[in-house]
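Chain naming here is simple, since letters A, B, ... match the order of the sequence lines and numbering starts at 1 in each.
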2 protein chains.
Amino acid sequence: MPRGREKITPLMHRVLQTLSASRVHLTAEEILECLEGVGRATVYRALDRLCEQGLINRLSLESGTSVYEYVREPHMHFVCRECGNLYDIPAEFASSLEQIMTKCGHSIVKTDVTAYGVCKNCRMAE
Amino acid sequence: MPRGREKITPLMHRVLQTLSASRVHLTAEEILECLEGVGRATVYRALDRLCEQGLINRLSLESGTSVYEYVREPHMHFVCRECGNLYDIPAEFASSLEQIMTKCGHSIVKTDVTAYGVCKNCRMAE
DNA sequence: TACAATAATGATACAGAGTCTCAAAAACGA
DNA sequence: TCGTTTTTGAGACTCTGTATCATTATTGTA
């Protein structure tokens with residue numbers, strides 16, 4: 001379990017801070033904007049390494065872009081197709097999911113549960 | 001529920017056939033290759049419309065690319081980070097997932113459960 | 001401290017996936 | 001049949017993300 005032992009460079013630290021301070025999920029470009037004067041490649045590198053180390057999560061959305069989040073408790077995601085908002089939903093069965101996959105013989109590193117639809121607010125507004 | 005009522009153009013039909021005939025998940029570019037002489041934009045358009053109509057599924061992977069599959073029974077996915085293979089895993093709790101999301105007030109159109117790790121074959125091979 | 005080796009960074013060119021535009025072709029309807 | 005609408009294909013374009021490489025910072029060691 002390679003987790004948290006690896007080195008964290010100054011820039012990785014800044015990225016981590018940006019993400020942990022943000023209440024929302026950020027794209028790589030948004031993080032790039034937050035960190036003025038920092039090279040694009042450097043940000044992408046930092047994001048990759050932080051993902052590897054399990055400190056942040058990359059979420060690949062339907063839209064084709066990825067968003068990043070600071071890792072807190074395990075949870076699921078809901079993406080509203082109307083307003084584009086991304087909601088965190090408390091995880092209730094992360095463990096049973098893992099059991100099922102393990103039963104199939106695979107060993108899981110990460111699970112990603114995302115639902116798409118119309119959120120409460122958008123339904124109200126219609 | 002806008003499902004299956006909409007028109008299917010000749011090209012959408014060919015894309016649908018390609019996908020239903022394939023045992024594996026195909027990228028847009030792979031489908032493009034299967035259908036020689038067909039324009040790139042046309043294939044992407046057909047894939048979008050088939051997704052909207054719920055006849056096929058788009059899966060947005062960690063790698064940044066999307067793959068498409070013909071819609072059969074609900075199931076989950078497992079992606080091996082070693083060999084890149086994508087496995088279908090029988091769904092066991094699609095309904096309870098939907099219940100949880102609904103409890104949050106959102107209405108779900110599609111759910112996407114994908115796990116990443118190392119598959120059985122790759123673990124054996126090590 | 002000084003010096004060499006290693007790692008991190010930034011600029012920029014590049015690649016791949018997907019989108020946009022628009023004119024030509026096909027299908028449709030009266 | 002003739003005009004309208006839809007579908008299609010070509011190609012330019014955009015947007016994310018990657019690769020390269022020279023510069024700068026960090027680290028270890030004598």
Look at the side chain of [X] and decide which nucleotide, out of [options], has an atom nearest to it.
{"X": "A:Ala41", "options": "C:dT9, C:dA11, C:dA17", "answer": "C:dA11"}
{"X": "A:Pro10", "options": "D:dG9, D:dT27, C:dT9", "answer": "C:dT9"}
{"X": "A:Arg40", "options": "D:dT18, C:dA7, C:dG10", "answer": "D:dT18"}

[X] side chain to [Y] main-chain N or O, any donor-acceptor pair under 3.5 Å?
{"X": "B:His106", "Y": "A:Lys120", "value": "yes"}
{"X": "A:Glu30", "Y": "A:Thr27", "value": "yes"}
{"X": "A:Ser60", "Y": "B:Leu61", "value": "yes"}

Would you indicate what [X] reaches in the nucleic acid, counting non-hydrogen atoms under 4.0 angstrom: base, sugar-phosphate, or nothing?
{"X": "B:Arg49", "result": "sugar-phosphate"}
{"X": "A:Ser66", "result": "sugar-phosphate"}
{"X": "B:Thr9", "result": "sugar-phosphate"}
{"X": "B:Thr65", "result": "sugar-phosphate"}

Roughly, in whole Å, what's the span from [atom1] in [X] to [atom2] in [N]?
{"X": "B:Ile31", "N": "C:dG18", "atom1": "CD1", "atom2": "P", "value": "10 Å"}
{"X": "A:Glu30", "N": "D:dT16", "atom1": "CD", "atom2": "C1'", "value": "13 Å"}
{"X": "A:Glu29", "N": "D:dC15", "atom1": "CD", "atom2": "P", "value": "10 Å"}
{"X": "B:Ile8", "N": "D:dT7", "atom1": "CD1", "atom2": "P", "value": "12 Å"}
{"X": "A:Met12", "N": "C:dA8", "atom1": "CE", "atom2": "C1'", "value": "11 Å"}
{"X": "A:Lys7", "N": "D:dT27", "atom1": "NZ", "atom2": "C1'", "value": "8 Å"}
{"X": "B:Leu47", "N": "D:dT8", "atom1": "CG", "atom2": "C1'", "value": "15 Å"}
{"X": "A:Leu59", "N": "D:dT16", "atom1": "CG", "atom2": "C1'", "value": "16 Å"}

Q. Between B:Tyr87 and B:His77, is the ring centre distance below 6.0 Å?
A. no

Q. Could a donor-acceptor pair under 3.5 angstrom be found where the side chain of B:Arg45 meets the base of C:dG18?
A. no

Q: Carefully, step by step, assess A:Asn57 and A:His25 under the rule side chain to side chain donor-acceptor pair (under 3.5 Å).
A: CA-CA 10 Å; A:Asn57 267 336; A:His25 305 72; over 6 Å; no

Q | First encountered from the 5' end of DNA chain C, between A:Gly64 and A:Leu11 | A | A:Leu11

Q | Helix axis bend for the helix from C:dT1-D:dA30 to C:dA30-D:dT1 - C1'-based end axes, five pairs, 10° rounding | A | 30°

Q: Would you please say whether a donor-acceptor pair under 3.5 Å links the side chains of A:Arg58 and A:Tyr68?
A: yes

Q. A:Glu69 and A:His75: side-chain donor and acceptor closer than 3.5 Å?
A. yes

Q.
It should be established whether A:Tyr44 places a side-chain nitrogen or oxygen under 4.0 Å from OP1 or OP2 of nucleotide D:dG17.
A. yes

Q.
I want to check something: taking the side chain as every heavy atom from C-beta on, are A:Thr111 and A:Met101 in contact at a cut-off of under 4.5 Å?
A. no

**Q.** Of A:Asp48 and B:Arg14, the one whose closest DNA chain D nucleotide lies more 5'
**A.** B:Arg14

